[in-house]
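Below is one structure, written out as structure tokens, with a few remarks after it.
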Amino acid sequence: MGIKLSLTVVSQSVYNGAFRHYRPTLHFLKGFGLSEQLLTVKGLFCERDDRVLFSNLNFALHAGEIVQIEGQNGSGKTTLLRILSGLSRHYEGDICWRGEPVDEVREQYCRELLYFGHQAGVKAVLTPEENLRWYAALSPSINAHAIADALWQVGLRGYEDVPCHSLSAGQNRRVSLARLYLSQAPLWILDEPFTAIDKRGVAAKEQLLLQHARRGGSVLLTTHHELGIQGPVRKINLDQLAGTST
Amino acid sequence: MTMKTNSGQPAEIGMAGLFAATWRREFLLSFRRKSDLVNPLIFFLMVATLFPLGVSPEPGFLSQLAPGVVWVAALLATLLSMDALFRSDYEDGSLEQLLLSPQPLFVVVLAKVLAHWVMTGLALTLMAPLLGLMLFLPAEGMPGLMLSLLLGTPTLSLVGAIGAALTVGLKKGGVLISLLVLPLYIPVLIFGSSAVQAAVTGLPLGGYLALLGALLALALGLAPLAISAALRISISS
């Protein structure tokens, strides 16, 4: 026990020092119980319209972890995800990406982040394929060569050339969810990804999240579905958690 | 860490590729939503049609007013189309995705605004001789009219986009855009219509065009940065 602990400490200090910019070789350190902290949140405080949504919120998201943010409607789930993605700046506290303040590594952070928001971000007059091509141009972590494959995976085979306004609400969400199949970003922030998706679709997406976690990625999501994932799911409840840490 | 973002994936597209992709998307969007494309042009044409009816059909009188009327109509037509620039992207969530892209925002913004200009400002410039004819603008004034519009309308689009970006989060941003942006439009209007006047009277118009060019250079350099910052503020709230 003591040996393992000291090894972890040593590996951590080596990791933070010399090998900071040479990460691929550090796989073996996982064996010593070190799982990399991707996102670290310290003392996060946010108020909206004179109402404190959360204060002194602390948590860390490790590689290979799925974290579900829970809370009632209006408890600040979406606000939290928008803050963490960098869209909203109305907060106090520290957010670190791989140990560095996120504001200082913004470009790198955006490169490694996939954000799925309340609105799907799908253009109604464009076809699913055109929509995804645009995302591939915007983000280098999206693989443009697999678009047809991804559309097939989300069950939109045969709809490649149909304008999105003639698709159903669920199909429109699926167009946006196809980004998950294309993305190579380690961090996924998903805000209600299963809204309007049928049961089979949800099961497939849950498998995808699990796969992503197994490959060493991590997921931060909100959903009112009961997650059926058998795996490393941790829950953070905003209702109980205001002021405490996990 | 088992995932490395740079391994085993296609080469990153450069700024030119991003610019081209944005440009293509904007054109696709506009041609599939033709009303946005045609509205400013119809407005432009309507002003020129109604003006003689409302004021006086007398050629001598109209030809005196023509430079100013065409320029004011072009300015208002541009202003009218500005509100839609970021609105639909804001409403369907594409704007959020745009802001979260690791690619430089000002490239996308510049591509969007220039595409918008091609579909409004450039189209207005090409239509302007027709309006000049309807308003009895002397033939000598036509090159001045087109050149001044060619240099002036991109500035109008760039400056208008700052207003559009600042008001995109508001439910009724239209009126506010006008208030924010009109004062900045005034120099362009003055130099633009003066250039046409100078061309009509046979005076050299190089000075006016140089001033319009200087305004355009300033807007090209600074407006994309202002638009990007304004979009971040609008999305953040």
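A, B, ... follow the sequence lines: proteins, then strands. Residue 1 opens every chain. Quick caveat: nothing in here was measured; it's all calculated off a predicted structure.
- No part of B:Ile233 comes within reach of chain A, as not one of its non-hydrogen atoms sits under 4.5 angstrom from that chain.
- Residue A:Arg106: no heavy atom, backbone or side chain, is found under 4.5 Å from chain B.
- For A:Arg133, no part sits under 4.5 Å from any heavy atom of chain B, backbone or side chain.
- Under the salt bridge (Lys or Arg N to Asp or Glu O under 4.0 Å) test applied with A:Glu130, the options B:Arg24, B:Arg32, B:Arg25 reduce to a single match, B:Arg32.
- Proximity to chain B (any heavy atom under 4.5 Å) is restricted, for A:Ala120, to the backbone atoms N, CA, C and O.
- For chain B, no part of A:Tyr109 is nearby; none of its heavy atoms comes within less than 4.5 Å.
- Of the atoms belonging to B:Leu29, heavy atoms from both backbone and side chain fall under 4.5 Å from chain A.
- Contact count against chain A (heavy-atom pairs under 4.5 Å) is highest for B:Pro102 among B:Gly93, B:Pro104, B:Ser94, B:Pro102.
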Where do B:Leu28 and A:Lys123 land on the side chain to side chain contact (heavy atoms under 4.5 Å, CB included) test, with the steps shown first?
-> CA-CA 11 Å; B:Leu28 266 178; A:Lys123 277 265 167 259; over 6 Å; no

Given side-chain hydrogen bond (donor to acceptor under 3.5 Å, both in side chains), test A:Arg111 with B:Gln103 step by step and report yes or no.
-> CA-CA 9 Å; A:Arg111 212 171 276 278; B:Gln103 305 273 20; over 6 Å; no

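- A:Trp152 CH2: 12 or fewer foreign heavy atoms inside a 6.0 Å radius.
- Your options are A:Val125, A:Asn172, A:Leu138, and the one with the most heavy-atom pairs under 4.5 Å with chain B is A:Leu138.
- Remark: A:Leu87 CG to B:Leu100 CG distance equals 4.0 Å, nearest 0.5 Å.
- Summarising the geometry, atom OG belonging to A:Ser85 is positioned 10.0 Å from atom CG belonging to B:Leu99; distances are rounded to the nearest 0.5 Å.
- Within 6.0 Å of the OH atom in A:Tyr159, the count of heavy atoms belonging to other residues, nucleotides or ligands does not exceed 12.
- Under a cut-off of 6.0 angstrom, the local environment of CZ in A:Arg48 is sparse, with at most 12 non-hydrogen atoms contributed by other residues, nucleotides or ligands.
- Put simply, the side chain of A:Arg82 gets close to the backbone of B:Ile235: a donor and an acceptor are under 3.5 Å apart.
- Heavy atoms closer than 4.5 Å to chain B are found in the backbone of A:Val122, but not in its side chain.
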Show your working on side chain to side chain contact (heavy atoms under 4.5 Å, CB included) between A:His118 and B:Glu96 and close with a plain yes or no.
-> CA-CA 10 Å; A:His118 249 252; B:Glu96 287 178 352; over 6 Å; no

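- Among the candidates B:Ser101, B:Ser88, B:Ala21, the residue making the largest number of heavy-atom pairs closer than 4.5 Å to chain A is B:Ser101.
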